[in-house]
J.: 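Sharing a structure, written as structure tokens. Questions coming.
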2 protein chains.
Amino acid sequence: MTNIREIARLAGVSTATVSRVINDHPYVNEEKRQKVLEIIRRLDYVPNSSATSLKKGMTRIVGVVSGAYTTSSTPFIQAFNIIAQQHGFHVMLFLTDNDCGKELVALEMLRSKQLDALVCLHRANEWPIIESYTKYGPIVTWQRLVNDLIPSVFMDQYQGYMLGLEHLHARGYRRIMNVYSSKGLNTPQRMRAYDDFSKKYWLDDSGFADLHGKVSITDGERIARSWVEQTDKPDAIACSNDDVAAGLLTELKRAGVSVPGEVAILGFDNNNLARLLDLTTVHYPSDKQAENAFAILLDRLGQEAPALHTLEFELIERSST
Amino acid sequence: MTNIREIARLAGVSTATVSRVINDHPYVNEEKRQKVLEIIRRLDYVPNSSATSLKKGMTRIVGVVSGAYTTSSTPFIQAFNIIAQQHGFHVMLFLTDNDCGKELVALEMLRSKQLDALVCLHRANEWPIIESYTKYGPIVTWQRLVNDLIPSVFMDQYQGYMLGLEHLHARGYRRIMNVYSSKGLNTPQRMRAYDDFSKKYWLDDSGFADLHGKVSITDGERIARSWVEQTDKPDAIACSNDDVAAGLLTELKRAGVSVPGEVAILGFDNNNLARLLDLTTVHYPSDKQAENAFAILLDRLGQEAPALHTLEFELIERSST
DNA sequence: CCCTTTTTTTAAAGCGGTTTCAGAAAAGCT
DNA sequence: AGCTTTTCTGAAACCGCTTTAAAAAAAGGG
């Protein structure tokens with residue numbers, strides 16, 4: 001096996017010098033550095049990561065626990081991956097299917113120091129159980145949780161929805177239909193926003209069915225079909241997310257309905273689809289959220305961490321309203 | 001930090017004995033074993049996995065490289081996860097988006113011994129590059145590849161499709177429409193099967209459009225709508241997968257079409273949806289395929305490996321034909 | 001030229017486990 | 001009791017790397 005001693009021997013230096021070269025430490029003669037690098041190249045040498053991890057006390061792997069690979073977790077995970085990579089970390093993804101056992105696998109790996117830190121998007125075990133693992137390494141979540149042990153990058157969607165509704169109102173829409181997802185924990189906030197909004201402007205929303213469990217493109221298409229047949233039509237539809245809005249928009253256009261002429265459509269998330277279809281939507285900064293999550297972990301690991309972003313919803317005005 | 005030496009000291013034994021207890025080695029006095037276990041419990045001790053990996057020369061982590069989390073890769077990955085867990089291995093999933101760089105991350109982790117082995121479902125880099133990494137650890141693929149370096153658990157879908165077509169023929173269907181996915185590498189085999197099948201029974205398939213790029217439930221629904229409007233209707237439709245078949249079936253039923261009375265539907269894969277909707281389909285044994293992949297890796301790692309399954313397609317006759 | 005200061009280098013001590021090897025204790029057999 | 005075999009134990013080497021501490025070499029200052 002080719003190890004650091006072998007490299008040192010062939011380069012005629014000590015292992016310490018080789019280690020210095022590998023880790024870009026100062027105070028090593030340029031000539032020797034080149035010699036070492038050449039030997040490393042010639043022998044196709046890479047440091048054994050277990051040894052490095054053992055000595056350094058960290059693996060530079062952080063786990064991401066997610067119930068499933070969903071529309072909402074995907075962009076977060078991707079952004080998290082990128083920022084982690086930039087800081088020389090690897091990400092180990094745990095798709096738990098919301099199974100306690102599978103989740104514990106991740107937690108136990110934190111305990112045995114195979115993981116430096118953990119991001120808990122979803123969770124199956126009770127919070128106290130998860131909290132008890134924070135003594136082995138930092139854990140961060142994106143769910144609402146006020147707790148010293150587990151910091152959160154939670155964003156209250158209330159503001160976001162309100163931002164969207166206010167926009168529709170400003171544009172003159174008064175018969176706004178609201179589409180809920182009911183999946184996930186954000187629906188209550190959304191309902192509250194719609195309620196407060198309706199009260200504020202003395203709007204009567206009783207005439208508009210609030211559909212539940214709508215999360216996909218197909219759901220949007222269905223809503224479009226029922227809109228066409230409806231007699232007392234809303235003049236704007238605020239969707240649970242961009243996928244629903246996209247399905248709605250394309251199916252309406254297919255039926256020859258003018259958007260926003262006959263009905264305005266508002267999305268949520270600002271994903272690729274929304275950009276593509278030029279949907280007005282509320283930007284949910286899941287990339288910055290992911291970067292914050294990573295920064296918090298980095299900080300708790302005692303490493304130099306980038307400053308936190310302030311997480312803010314942003315209205316992206318496009319042609320669908 | 002609580003390490004094995006600490007445990008040894010408190011239990012009044014040597015570290016060797018503690019290690020023996022942890023690893024279930026024979027020849028350790030029952031009384032001492034109990035004492036050691038008690039101390040371990042009291043101090044909430046877990047062996048440091050980096051140290052174990054370093055000494056044992058393996059991490060017991062195997063990587064799975066997948067372009068994306070798709071309909072076809074999902075069941076394989078799940079089955080692979082289960083079998084790996086049963087053998088005390090962890091799985092690290094790499095969603096590469098078919099990006100060479102992201103794929104190299106996995107390969108490099110194999111090189112630096114952070115991974116013991118690799119499963120390459122999809123790939124972005126050229127095969128020779130991937131092959132060059134086999135000197136660092138076993139790599140297996142599910143794609144067709146005749147090569148000593150990278151064993152494959154590939155299944156030629158030709159047989160599977162033929163099995164399905166023969167079934168339709170046996171049931172008396174003669175005007176069979178074939179739906180291709182065109183995504184992935186299996187479409188050519190499928191086309192060949194359909195060709196050979198048509199020739200064998202002197203069937204004229206020229207009248208039936210062979211749709212391409214159909215992979216989702218929505219695609220199935222679209223096919224249903226066009227079937228309804230078609231004048232020269234096929235009496236059976238062989239779908240690229242169960243999702244397409246499911247969309248087709250539900251949309252046809254919605255339109256009041258009798259299945260299999262007016263038209264028969266054949267799926268492919270035998271996934272949950274097919275079971276649920278009672279679709280006749282061809283079982284694709286991706287679970288056994290995954291177990292074989294794992295067994296091959298285990299064997300190449302010099303570990304005791306379970307016997308290989310013979311991979312066979314199986315016709316699952318249900319009520320849609 | 002001598003004394004500091006800075007740069008360069010290495011020997012050696014770990015990091016936290018596993019395993020070999022040799023010896024001690026216990027058990028089994030004449 | 002004497003001898004072989006089996007069970008049990010721990011000292012010590014080792015896995016491959018990083019880092020400290022101390023020494024050597026070079027550079028700077030007067």
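In what follows, every chain begins at residue 1, and chains take the letters A, B, ... in the order their sequences are listed.
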J.: Just to confirm, is there a sub-4.0 Å distance from OP1 or OP2 of C/dT10 to any side-chain nitrogen or oxygen of A/Thr17?
T.: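 The answer is yes; a side-chain N or O of A/Thr17 sits under 4.0 Å from OP1 or OP2.
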J.: Give a yes/no on whether any side-chain N or O of B/Asn48 is located under 4.0 angstrom from OP1 or OP2 of C/dG16.
T.: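 No.
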J.: Does A/Asn23 have a side-chain nitrogen or oxygen under 4.0 Å from the phosphate oxygens OP1 or OP2 of D/dT18?
T.: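 Yes, A/Asn23 has a side-chain N/O under 4.0 Å of OP1/OP2 on D/dT18.
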J.: Looking only at heavy atoms, which two atoms of B/Pro151 and B/Ile139 are closest? And how far apart?
T.: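 Residues B/Pro151 and B/Ile139, closest heavy atoms: CD-O, 3.3 Å.
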J.: Could you list the protein-to-nucleotides 12-14 of chain C atom pairs, N/O on both sides, closer than 3.5 Å?
T.:
from, atom 1, to, atom 2, distance (Å)
C/dG14, N2, A/Lys55, NZ, 3.0
C/dG14, N3, A/Lys55, NZ, 3.0

J.: B/Thr141 and B/Ile150: which non-hydrogen atoms are nearest, and at how many Å?
T.: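 Shortest heavy-atom contact: CG2-CG2, 3.9 Å.
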J.: Would you mind classifying the nucleic acid contact of A/Ser19 as base, sugar-phosphate or nothing, using non-hydrogen atoms under 4.0 angstrom?
T.: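 Base, at least one base heavy atom under 4.0 Å.
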J.: Could B/Glu291 and B/Lys288 be called an ion pair, given the rule that one side-chain N must be under 4.0 Å from one carboxylate O?
T.: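 Between B/Lys288 and B/Glu291 there is no salt bridge, as every charged N stays at least 4.0 Å from the carboxylate O atoms.
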J.: Reckon A/Val18 touches a base, only the sugar-phosphate, or nothing at all at heavy-atom distances under 4.0 Å?
T.: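 Answer is nothing: A/Val18 stays at 4.0 Å or more from every strand.
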J.: Extract from the structure each pairing of a protein N or O with an N or O of nucleotides 23-25 of chain D at less than 3.5 Å, listing the distance.
T.:
none

J.: Using a cut-off of less than 4.0 Å, is there contact between a side-chain N or O of A/Tyr27 and OP1 or OP2 of C/dT10?
T.: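 No, no such contact exists.
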J.: Using a strict 4.0 Å threshold on nitrogen-to-oxygen distance, state whether A/Arg42 and A/Glu38 make a salt bridge.
T.: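 A salt bridge links A/Arg42 with A/Glu38.
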J.: Is there a side-chain contact between B/Lys32 and the phosphate of D/dT9, meaning an N or O under 4.0 Å from OP1 or OP2?
T.: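 B/Lys32 to D/dT9 OP1/OP2: side-chain N or O found under 4.0 Å.
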